[in-house]
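First up is the structure itself, then whatever we jot down about it.
A note on names: the letters A, B, ... follow the listed sequences, proteins ahead of strands, and every chain is numbered from 1.
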Amino acid sequence: MSDDAFALDIKGLHKRFDKPAVDNLDLRVKQGEFYALLGPNGAGKTTILRMVAGLLPPDAGEISVCGIDTRFDPVGAKSQVAWVSDEPMVYDRLTPLEYLRFIAGLWHVPAEDARLRAYQLLDWLELTQQANSYCGGFSKGMLQKVALAGALIHDPRLIILDEPLTGLDAGSARQVKNVLKEKVSQGVTIVMTTHILEVAERMAERIGVIAKGRLIAEGTLAELQVQAGRSGSSLEDVFLDLVGQGEPQVLEQTAA
Amino acid sequence: MSMQPGTLPWFAAHEFRLQWRDLSMMLTAGAPRRAVAIVVVALMFMTGMHWIASILVGNWVAAGTGQNVETYAQLTGSGLLFAAMALSQAMESVTRAYYSRADLDLILSSPASGRTLFVVRTGTIAVTSMLLMAIVISPFVNMLIVDEGPQWLAVYPAVAAISLVTTALAILVTLALFRLAGPKRTRLIAQILAAVVGAALIVGIQIAVIFSTGTTTNIGPALSDAIMSVAPDAQSWVWIPARAAVGDWGAMTVSLAVAIFVLLATLAVAAPGFAERALAANAVSQIRASSHRPPSFRTASQAQMLRSKEWRLLVRDPWLISQSLMQLLYLLPPAILLWLNYGNSGGTLPIVAAIITMAAAQLAGGLAWLTLSGEDAHDLILTAPLRARDMLRAKIEAVLVAIGVVVAPFVAGIAFLNPRIALTLVVGVSLATASAVIIQLMFRVRAKRSQFARRQTASRIATLLEAFVSITWAGATGLAAVNPLIGPFAALPAILIVFAVWLLRRKAVAA
């Protein structure tokens, strides 16, 4: 398979803070794939995604986005990527339409295309009513939808999402999931971290499990079940086995 | 000894603990070892202040103090200046007590009394105000004690009375705003009022003197003559606070009794409805708006988009509006001076040029902080396909253009009177603005715009350097307006400081 068949190609990635956060990581995600990155808190998931998005320089290793090496053409790589974090990156005193116009400008989207896409996205995410209100008064779910619209307005080929469903109500979460599914059907690649294992189980084509900065398991749910030696088990059981957290202790035992 | 939870002493202990931790965090930035350095710097600062105070107080004592109208008038004037600043600070704190959501939701959703919480928070505001004023005036009081005796210790209870009354006034103003403007607008109006009140007295005095004398150089004598011509005799009730400050026990008792009564009466009025008002403030979003015109989607470069975003956010920022109003208020006296001296301004224009340079540099510092540090979507900008250098350039351009727009009318007015001084002003403002921007660039941090009000405490070095450089550029511009050959020499300290900052910080910033 040629290199540009991969939307994301990571080789030998290292990042160290006080201790290694990402340790010799190799990861490949195909074009048009929905990939979920799972791991316990502090496993290094967000660090990996921040390096891919160009927010954090790696200590060593290579990252290619749609065939573009981020070391040699960081701006070119960024133009292919959209980053959505759990904290919506919006401005309190811009309206959603102003925000989308701003992002479209940063990503060089032609004005007319930007206008059409902005209205379409706001309609799609049911934000038309709030299109001209300051974002400062919005709920977390609405802010996350505005941020998602911002990520989609420049038609990225790779969307990176770090816990995008945190704090969303069921309706908003459903809308976000539908939008992501639709984008994958259009050939967009999605790499997402989540602690909601059910979402990963239902939506992701492949799942990577990270622990202590290393990729310890990868594959479809069936493949992970085999790797964990737990055929027929839920992703939750498989995941806990893989990261070595096993069965939770009973409260009485702990107290004793 | 454990205290009954939810009671006044329990809340007071809780508030004290939080305030103390905030203060130590602010001073040491989480590194306890810095405490020693802070103490050393504070001691050096206080020594310097005592030296300055010894000169000022020495002159004053030499001119003769005593229980007379002249002394009372001078003390009352100083007290009013402090009161204006204390009121400004108290208004900001009271507004925060209603609108800050830090722990208000938690406490108001508990069975604890909102009334008790309000009383404790009001007390904290008053005590903080007292301590701050006491620290500021202590070098002067100490030197007065050395020169004249311990009766000057009575200044401290007088200061306490001022703090109690200004805290009460701040609460009453906030209550009035809630009633007149509603919870949605109260915060913004109160912030603007606080800024204006802080500057109003000084500016008002300057304007009054300008109108009566046509200059600001003789404020002291002019003001003294004006006041003494209408001042009542020494036994008048007007001088009760001043008599308290010079050790008159009767006046001190009356001052403190009135101050305590005013604060208690205010608490009796305000405390019962605190929870309701705080919840009302929570229920409305002061930044929600629904009547904005849809933006037009035009083809624009990335830099244009960034600049346009910065300007849009700047004009919509309530903190910035209040700060800018204060800056403009400080520019009012020189503007009036300009108007009064129309056609005959050779002697006063250098002062005007210096003041405008100072205001422009301060404003530039604020704007630069907002655009460079107070970026609410850092990650978004960093993931955009543009080089960091281009992004920074666009943001700096946004600041420079904004300063240009504010200063341009003043430059045009001065150019009409004296083109050479106008040119000097343009150079002075440009360099002062550039210096402020460089300092903010070299000390930039990752912060939210909402932290703007606390930017001075967040980076004390940057604030001090910015103030020093602004003053130096203002002085250099004023001197250059008088004699173009002197100006560059006067600017040398500012140039050296900015160069040193760039040299020392550029590697850290690049990293």
Side-chain angles (χ1 to χ4, degrees), chain A residues 50 52-57 73-85 87-119 129-138 147 150-151 154 156 160 162, chain B residues 184 188 282-321 370-371 374-391 394 446 448-450 452 510-511:
Chain A
R50 289 182 72 81
V52 173
L55 292 168
L56 203 59
D73 185 6
V75 172
K78 283 177 178 181
S79 64
Q80 307 292 323
V81 180
W83 157 259
V84 181
S85 73
E87 275 301 313
M89 302 176 292
V90 295
Y91 298 95
D92 283 353
R93 288 185 178 80
L94 287 188
T95 68
L97 268 178
E98 289 169 342
Y99 177 73
L100 294 180
R101 184 184 64 163
F102 171 60
I103 295 181
L106 288 183
W107 263 265
H108 295 299
V109 181
E112 190 49 31
D113 290 356
R115 194 183 67 79
L116 284 173
R117 278 188 214 163
Y119 282 102
Q129 293 264 313
Q130 293 80 23
N132 294 305
S133 301
Y134 285 161
C135 294
F138 289 2
H154 55 88
I160 303 168
D162 189 17
Chain B
K184 191 174 176 179
L188 176 62
N282 188 21
V284 295
S285 166
Q286 80 282 10
I287 50 176
R288 183 172 290 190
S290 55
S291 58
H292 291 274
R293 276 185 307 155
S296 60
F297 283 75
R298 295 186 308 274
T299 302
S301 69
Q302 291 169 312
Q304 282 170 325
M305 274 297 168
L306 272 167
R307 286 195 298 268
S308 150
K309 184 269 285 184
E310 293 302 340
W311 290 329
R312 205 174 285 273
L313 293 177
L314 289 178
V315 297
R316 292 175 181 176
D317 194 308
W319 275 108
L320 185 69
I321 291 169
L370 278 169
T371 53
E375 167 62 63
D376 280 345
H378 273 282
D379 284 356
L380 174 73
I381 303 292
L382 291 176
T383 55
L386 80 163
R387 291 180 303 174
R389 194 194 313 163
D390 297 334
M391 182 262 289
R446 202 179 162 123
K448 291 276 180 193
R449 295 181 82 86
S450 54
F452 179 61

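- Only the side chain of L313(B) comes within less than 4.5 Å of a heavy atom of chain A; its backbone N, CA, C and O stay farther away.
- E98(A) and Y134(A) share no donor-acceptor pair across their side chains, judged by distance under 3.5 Å alone.
- Heavy atoms of A104(A) lying under 4.5 Å from chain B are absent altogether.
- Within the 4.5 angstrom heavy-atom criterion, no atom of A131(A) approaches chain B.
- Across K78(A), M89(A), R101(A), the residue that shares the most heavy-atom pairs under 4.5 angstrom with chain B is R101(A).
- Using a 4.0 Å cut-off between charged nitrogen and carboxylate oxygen, R307(B) and E310(B) do not count as a salt-bridge pair.
- Ring orientation note: the planes of H154(A) and W107(A) are close to parallel, at an angle under 30° on the 30°/60° scale.
- Both the backbone and the side chain of R387(B) come within contact range of chain A, each with at least one heavy atom under 4.5 Å from a heavy atom of that chain.
- Residue L106(A) touches chain B through both its backbone and its side chain, counting heavy-atom pairs closer than 4.5 Å.
- For Y99(A) and K309(B), the side-chain atoms include no donor-acceptor pair closer than 3.5 Å.
- Judged purely by atom type and a 3.5 angstrom limit, Q130(A) has no side-chain atom pairing as donor or acceptor with the backbone of T95(A).
- In this structure, CG on L97(A) lies 4.5 Å from OH on Y119(A), to the nearest 0.5 angstrom.
- The greatest number of non-hydrogen atom pairs below 4.5 Å with chain A, out of L386(B), I381(B), L380(B), D376(B), is found for L380(B).
- With respect to chain B, the highest number of heavy-atom pairs below 4.5 Å among R115(A), Q129(A), R50(A) belongs to R115(A).
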